[in-house]
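Some notes on the structure that comes next.
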Amino acid sequence: VLDDEELHDEDLSEARTEPTIMRRYLQGIQKQLQYELSNKFPAFQEKWLHKLLDDNDWWIPRHKYSYICNNLKIQLEEEENKAAYFRKVYVFLPDDRWGPTCMPACGKCGSNKDVGNNGFRSNHFGRRVVALD
């Protein structure tokens, strides 16, 4: 998942008191995925975000920002309602996408037989990744 929070402009970082739109966007995506993958998700309800990921090779294209924000109930200020504020997002959940056999290997033993899903981070909603495509 891409994140713009890690790079701060020194002139703006002290003045900003609210999370950026990209941070709210990533947080909303993560929370929706957590919900859709949980056992609390109603069996007959559509997993709209999971379907979007399947249809787009696990990328969320930036032109889908309006659809995502509407579904996540993210309120956009007038100046935030521009595609230029949004980046495309890649979601990396190998256990969900390809199953447990595709979990990354342990750095210590080189096997993935004891590697499990540690869940979602609660203090960070994404990482900036450059040049994947």
Side-chain angles (χ1 to χ4, degrees):
V1 179
L2 302 176
D3 184 10
D4 215 21
E5 286 295 306
E6 291 183 15
L7 297 178
H8 292 283
D9 184 302
E10 289 181 23
D11 295 333
L12 297 176
S13 63
E14 291 182 27
R16 181 168 299 283
T17 58
E18 296 180 20
T20 64
I21 183 57
M22 196 63 200
R23 181 176 175 90
R24 291 183 298 165
Y25 185 67
L26 291 172
Q27 187 175 13
I29 289 169
Q30 181 182 356
K31 286 184 178 186
Q32 180 64 28
L33 280 172
Q34 281 178 292
Y35 178 57
E36 287 186 12
L37 297 174
S38 75
N39 52 2
K40 296 177 184 174
F41 193 79
F44 295 108
Q45 188 173 338
E46 181 186 16
K47 294 183 177 184
W48 64 268
L49 185 52
H50 204 274
K51 181 177 178 347
L52 180 85
L53 291 171
D54 284 339
D55 292 346
N56 291 283
D57 199 28
W58 287 71
W59 284 95
I60 298 175
R62 67 186 265 182
H63 70 271
K64 293 283 190 178
Y65 80 93
S66 183
Y67 171 76
I68 298 287
C69 288
N70 284 335
N71 281 325
L72 296 176
K73 312 260 185 297
I74 295 174
Q75 298 292 322
L76 297 176
E77 300 295 327
E78 187 174 333
E79 67 273 4
E80 291 175 331
N81 199 7
K82 296 181 177 84
Y85 285 106
F86 296 88
R87 300 186 190 284
K88 65 182 180 177
V89 175
Y90 181 74
V91 176
F92 184 68
L93 295 172
D95 57 318
D96 188 50
R97 185 174 182 186
W98 297 294
T101 57
C102 292
M103 285 294 287
C106 168
K108 204 178 236 184
C109 70
S111 170
N112 73 350
K113 70 180 179 88
D114 294 321
V115 175
N117 182 343
N118 291 333
F120 291 87
R121 304 256 328 238
S122 60
N123 63 343
H124 198 277
F125 306 103
R127 299 265 185 250
R128 177 184 291 272
V129 179
V130 180
L132 276 179
D133 50 353

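What's counted below: heavy atoms across the whole structure, side chains too, no hydrogens, waters or symmetry copies.
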Worksheet entry | Donor-acceptor pair, side chain of E36 and main chain of H50, under 3.5 angstrom | yes

Worksheet item: Would you call L49 and N71 a side-chain contact if the rule is heavy atoms closer than 4.5 Å?
Response: no

Worksheet item: In chain order, what residues pass the salt bridge (Lys or Arg N to Asp or Glu O under 4.0 Å) check against K51, with sequence neighbours excluded?
Response: D55

Worksheet item: Is there any salt bridge (charged side-chain N to carboxylate O under 4.0 Å, His left out) pair reaching into residues 67-77, and which pairs are they, with sequence neighbours excluded?
Response: none

Discussion item. Who clusters with Y35? Use side-chain heavy atoms, under 4.5 angstrom, across I, L, V, M, F, W and Y, and order the result by chain and number.
Written reply: F41

Fill in: Nearest heavy-atom neighbours spanning P61 and N56
CG-OD1, 3.8 Å

Worksheet item: Looking at CG of L53 and NZ of K47, how far apart are the two atoms once the value is rounded to the nearest 0.5 Å?
Response: 11.5 Å

Worksheet item: Roughly how far apart are L72 CG and K31 NZ, rounded to 0.5 Å?
Response: 11.0 Å

Response to the item:
Heavy atoms of R62 and R87 approach each other most closely as CB-C, 3.9 Å

Worksheet, complete the sentence: Here the gap from Q32 atom CD to Q34 atom CD, rounded to the nearest 0.5 Å, amounts to 10.5 Å

Worksheet item: Taking side chain as C-beta onward, heavy atoms only, is I68 less than 4.5 Å from W48?
Response: yes

Response to the item:
Contacts satisfying salt bridge (charged side-chain N to carboxylate O under 4.0 Å, His left out) that involve residues 96-106 (not counting sequence neighbours) are D57-R97

Worksheet entry | Beyond-backbone contact of I21 with F86, side-chain heavy atoms, under 4.5 angstrom | yes

Worksheet item: What do you reckon, is CD of Q45 surrounded by more than 12 foreign heavy atoms closer than 6.0 Å?
Response: yes

